[in-house]
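Shown next, in structure tokens, is the structure this report addresses.
In what follows, every heavy atom counts, from backbone to side chain, and hydrogens, waters and symmetry copies are set aside. In this chain, residues are counted from 1 in sequence order. Please read these numbers as outputs of a predicted model, since none were measured by experiment.
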Amino acid sequence: MSSAVKGRPELLFPLFAEIETLPGVGPKTARTLAALNIERPVDLAFTLPQSAIDRRRRGSVRGADLPEVVTVEVTVRQHRAPAQRGGAYRITVEDAETAFQIVFFRAHADHLQRALPTGARRVVSGKVELFDGMPQMVHPDYMVPPENAVEIPEFEPIYPLTAGLTQGTMRKAAIGALARLPDLAEWIDPGQKRQKAWPDWKDAVQAAHAPEKISDLAATHPARARLAYDELMAHQITLALARSQMKRSKGRATIGTGVLQNRVMAALPYRPTGAQTLAMAQIAADMKQDARMNRLLQGDVGSGKTLVALNALLIAVEAGGQGVMMAPTGILARQHLEGLRPLAESAGVVLEILTGRDKGAERRAKLAALAAGDIHILVGTHAVFQKDVEFKDLRLAIIDEQHRFGVRQRLELGRKGAAVDVLVMTATPIPRSLSLAQYGDMDVTVLDEKPPGRKPVVTALVNLARLGEVVEKLRGAIAEGRQAYWVCPLVDESEVSDLSSAEERFRHLRAALGEGRVGLVHGQMPSEERDQAMSAFQGGATSVLVATTVIEVGVDVPNASIIVIERAENFGLAQLHQLRGRVGRGSAASTCLLMYQAPLSEGGERRLVTMRDTEDGFRIAEVDMEMRGAGDVIGTAQSGLPRFRIADLEGQAGLMAVAQSDARKLLSEDPDLTSARGRAARVLLWLMERDQAIRLISVG
């Protein structure tokens, strides 16, 4: 992107120039830097040293905690060339207290005689190790006369590198980039800046590149904390702008009469939990506003999101409108349909499903009924996005498992009706910092109670060597009328080998438990066959369902009370938690067996022990994030989560929360960012390349 991107402030141009304008960067180095995502000076300014080497001078190598980098002044005593070709060239030197050797391999003797003449004084710096009881420094990083010793940095920053790049090149280019830093007006609230003792932006970047001691490299150091905050602040301003755009875009007040809601509540065999009641009230209050609702409903496996969703859909129908509920797969959409149908029917509401499978006359009839308003609630997959799908009066769109839908699709769905309210549901508990980063444009409701009657699931770790015992136990459970899932191992990324392992396990279990007792589902099956196998299991015709991870999300068979996960150590924590959530849905005590192949890796053991010790999805999500990092937990590619260069989502959740409240406060006081601080914040958005945010302001 050229520096003269439309509207970018001129004082930022030098930072957005070509990388080759920096000292020491030619076409070849530019290509190498691109491998580190460094393409302009601004990228280098935000690529901070990740460690440093202490090169402060000391009197002697004696007393150093070897191996260690030592900087010391020496007198050159003796050169000893190698006896045979390719051997080590050794130079004996003396510091103030002891003698040691400087060693070179593949050395040119004449060059070394000139650089380190016998009798000369030199300051050398490099890693010293013990070899046969003698300290030696192999290939020093620096060898200079004492009068030039100022060339050796006392505390040398170490940058991330890639093949073909040296610290010297990196440092030289970084110094060039820092020379271009402009003085920028302050976008941080003055009180916040004072309280944290944060430096100005330019000073912070310079200080972060010039650490003077180890503690200067910590994320909590004022310079680094400030730069991390700036990144999070730019992201949160972007989300807050999207949020206020949503709030400002005209909504419609959708007010229920309570008639249908009361019928459904009367038909329920249990009372809603406190968390469900609160969630329903929050959503009803949002729908009453004439601003558009944009809310996230986050609930752990089995926390009762379906009832909350249905209640919201009924409000839309009571107000004379329609609702749509979208799921990422056909299986899930049909399951939502099955879950909602009995309750909807008790209220006299017309429910229909639309997936990519609907064709011809049947599809045309559904679309006509939808356009006429004869279908009150539509359940579907992304087929609902298609152009020919028209509603008579769409009031509410519910999206299940949001991380499969991008922010763009959220907006797309909103265009299907005039000012549609949007409710997003996720059963994947998300650590707070991530939820702020990913859903900062939304209001968040958390369902943190399980409905009455949900039994805890007992989780046990079982060595794969005991497979025979497990099959025998299963035989006993089936004889008592219980049902079980058997999840096959993830072999590798290819469906084909996962499939062969599932088919093999299916044959083995069918032979052990009886021909008609075992079903099989996997991702390669035609969807009709898969649905047949699922229905047979749901209806109790088969007792054991052998499956690949297609059953991960949302399958609901209350009678299934056992789940066996084979080679569980190969699964991720979030996946294991979702899979375990398939059981514990009925009145029977439930069991989850995590079968592992010994010996376990440290990570594998930590995942399995976490699963055994807690059922709390939020705790599991936190451990998952500690182990894998933020981007992997939600899949950065689909999440719309930016790549932060400095901020660390795992370690700086508190900073993210502060940035969110600051961004919202700034925009509530200055929605168009026209005050002095608002204009500074615009420069921040350009600096962090938040083009989407800039477009939102220019619209405003």
Check against side chain to side chain contact (heavy atoms under 4.5 Å, CB included), Trp187 and Trp201: CA-CA 9 Å; Trp187 48 78; Trp201 177 77; 3.8 Å; yes

Chi angles and distances behind the side chain to side chain contact (heavy atoms under 4.5 Å, CB included) call for Tyr229, Gln192: CA-CA 11 Å; Tyr229 173 86; Gln192 161 87 351; 3.8 Å; yes

If you apply the rule side chain to side chain contact (heavy atoms under 4.5 Å, CB included), what do you find for Leu165 with Leu36, and how did you get there? CA-CA 10 Å; Leu165 202 57; Leu36 291 171; 3.7 Å; yes

Intermediate values then yes/no, salt bridge (charged side-chain N to carboxylate O under 4.0 Å, His left out), Glu186 and Arg226: CA-CA 12 Å; Glu186 189 54 81; Arg226 187 229 146 103; 2.9 Å; yes

Checking Asp43 against Arg40 for the side chain to side chain contact (heavy atoms under 4.5 Å, CB included) test, could you report, in this order, the C-alpha distance in whole Å, the side-chain angles of both residues, the deciding distance, and whether it holds? CA-CA 5 Å; Asp43 302 327; Arg40 297 138 325 164; 2.9 Å; yes

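In this structure the side chain of Leu44 reaches within 4.5 angstrom of the side chain of Met170, judged on heavy atoms. Within the 4.5 Å cutoff, the side chain of Met233 has no heavy atoms near those of the Met688 side chain. Residues Val76 and Pro117 form no side-chain contact, since every pair of their non-hydrogen atoms from C-beta on lies 4.5 Å or further apart. Taking the side chain as every heavy atom from C-beta outward, Ile19 and Thr29 never approach each other to under 4.5 Å. Contact annotation: the side chain of Leu217 never approaches that of Leu48 to less than 4.5 Å [non-hydrogen atoms, C-beta and beyond]. Side-chain atoms of Pro145 and Arg122, non-hydrogen and from C-beta on, do get closer than 4.5 Å to each other. Put simply, the side chain of Ile188 reaches to within 4.5 Å of the side chain of Asp230, judged on heavy atoms. Within the 4.5 Å cutoff, the side chain of Leu15 has heavy atoms near those of the Leu687 side chain.
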Name every donor-acceptor pair, under 3.5 Å, that has one atom in a side chain of residues 595-613 and the other anywhere in the protein, sequence neighbours excluded.
{"residue": "Ser601", "atom": "OG", "partner": "Gly604", "partner atom": "N", "Å": "3.0"}
{"residue": "Arg606", "atom": "NH2", "partner": "Glu626", "partner atom": "OE1", "Å": "2.6"}
{"residue": "Arg607", "atom": "NE", "partner": "Phe571", "partner atom": "O", "Å": "3.1"}
{"residue": "Arg607", "atom": "NH2", "partner": "Glu569", "partner atom": "O", "Å": "2.6"}
{"residue": "Thr610", "atom": "OG1", "partner": "Arg606", "partner atom": "O", "Å": "2.7"}

Kindly list each side-chain donor-acceptor pair under 3.5 angstrom involving residues 52-67, sequence neighbours excluded, with atom names and distances?
{"residue": "Asp54", "atom": "OD1", "partner": "Arg56", "partner atom": "N", "Å": "3.0"}
{"residue": "Asp54", "atom": "OD1", "partner": "Arg56", "partner atom": "NE", "Å": "3.0"}
{"residue": "Asp54", "atom": "OD2", "partner": "Arg56", "partner atom": "NE", "Å": "3.3"}
{"residue": "Asp54", "atom": "OD2", "partner": "Arg56", "partner atom": "NH2", "Å": "2.6"}
{"residue": "Arg55", "atom": "NE", "partner": "Glu156", "partner atom": "OE1", "Å": "2.4"}
{"residue": "Arg55", "atom": "NH1", "partner": "Ser125", "partner atom": "OG", "Å": "2.8"}
{"residue": "Arg55", "atom": "NH1", "partner": "Asp141", "partner atom": "OD2", "Å": "3.2"}
{"residue": "Arg55", "atom": "NH2", "partner": "Asp141", "partner atom": "OD2", "Å": "2.9"}
{"residue": "Arg55", "atom": "NH2", "partner": "Glu156", "partner atom": "OE1", "Å": "2.9"}
{"residue": "Arg57", "atom": "NH1", "partner": "Glu73", "partner atom": "OE1", "Å": "3.1"}
{"residue": "Ser60", "atom": "OG", "partner": "Arg62", "partner atom": "N", "Å": "2.9"}
{"residue": "Ser60", "atom": "OG", "partner": "Asp95", "partner atom": "OD1", "Å": "3.2"}
{"residue": "Ser60", "atom": "OG", "partner": "Asp95", "partner atom": "OD2", "Å": "3.0"}

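With hydrogens and angles ignored, the 3.5 Å screen pairs no side-chain donor or acceptor of Glu231 with any backbone N or O of Phe644. Checked by atom type and distance alone, the side chain of Thr674 never pairs as donor or acceptor with a backbone atom of Asp670 at under 3.5 Å. One N or O on the side chain of Gln652 and one on the backbone of Asp648 form a donor-acceptor pair closer than 3.5 Å. Between the side chain of Arg180 and the backbone N or O of Pro14, at least one donor-acceptor pair lies under 3.5 Å. At least one donor-acceptor pair under 3.5 Å links the side chain of His209 to the backbone N or O of Ala45. Between the side chain of Asp132 and the backbone N or O of Met134, no donor-acceptor pair lies under 3.5 Å. Between the side chain of Asp200 and the main chain of Lys202, no donor-acceptor pair closer than 3.5 Å is present. Panel note: side chain Glu129, backbone Gln136; no donor-acceptor pair is recorded below 3.5 Å.
For Phe100, there are no ring pair (Phe, Tyr, Trp, His ring centres under 6.0 Å) partners, not counting sequence neighbours.
Within the model, atoms CH2 of Trp686 and CZ of Arg8 stand 6.5 Å from one another, a figure rounded to the nearest 0.5 Å. The structure places CD1 of Ile91 at 11.0 Å from CZ of Arg80, a figure rounded to the nearest 0.5 Å. Taking CD from Glu20 and NZ from Lys28, the interatomic distance works out to 13.0 Å, rounded to the nearest 0.5 Å. Within the model, atoms CG of Leu161 and CD of Gln167 stand 4.0 Å from one another, a figure rounded to the nearest 0.5 Å. Distance check, rounded to the nearest 0.5 Å: CG of Leu667 to CG of Leu241 gives 4.5 Å. With rounding to the nearest 0.5 angstrom, the CD1 atom of Ile38 is 3.5 Å from the OG1 atom of Thr47.
Tyr89 has its ring centre less than 6.0 Å from the ring centre of His79.
Asp216 has a carboxylate O that lies under 4.0 Å from a charged side-chain N of Lys213, or vice versa, which qualifies the two as a salt bridge.
Scanning both residues, Leu116 and Met143, for their nearest heavy atoms gives CD1-SD, 3.6 Å. Listed here is the closest heavy atom pair of Pro182 and Leu12: CG-CD2, 4.3 Å. When all heavy atoms are compared, the tightest approach of Leu655 to Ala228 is CD2-CB, 4.0 Å. For the residue pair Ala681 and Ile237, the shortest heavy atom distance occurs at CB-CD1, 4.0 Å. Minimum interatomic distance between Pro49 and Ala208 (heavy atoms only, all atoms of both residues): CD-O, 3.4 Å. Taking every heavy atom of both residues into account, Pro153 and Tyr142 meet most closely at CD-OH, 3.4 Å.
For Lys127, the NZ atom counts as loosely surrounded, since its 6.0 Å shell holds 12 or fewer non-hydrogen atoms of other residues, nucleotides or ligands. By the neighbour-count criterion of 12 heavy atoms within 6.0 Å, atom CD of Glu212 is sparsely surrounded, having that number or fewer from other residues, nucleotides or ligands. Within a 6.0 Å radius of NE2 in His139, other residues, nucleotides and ligands contribute more than 12 heavy atoms.
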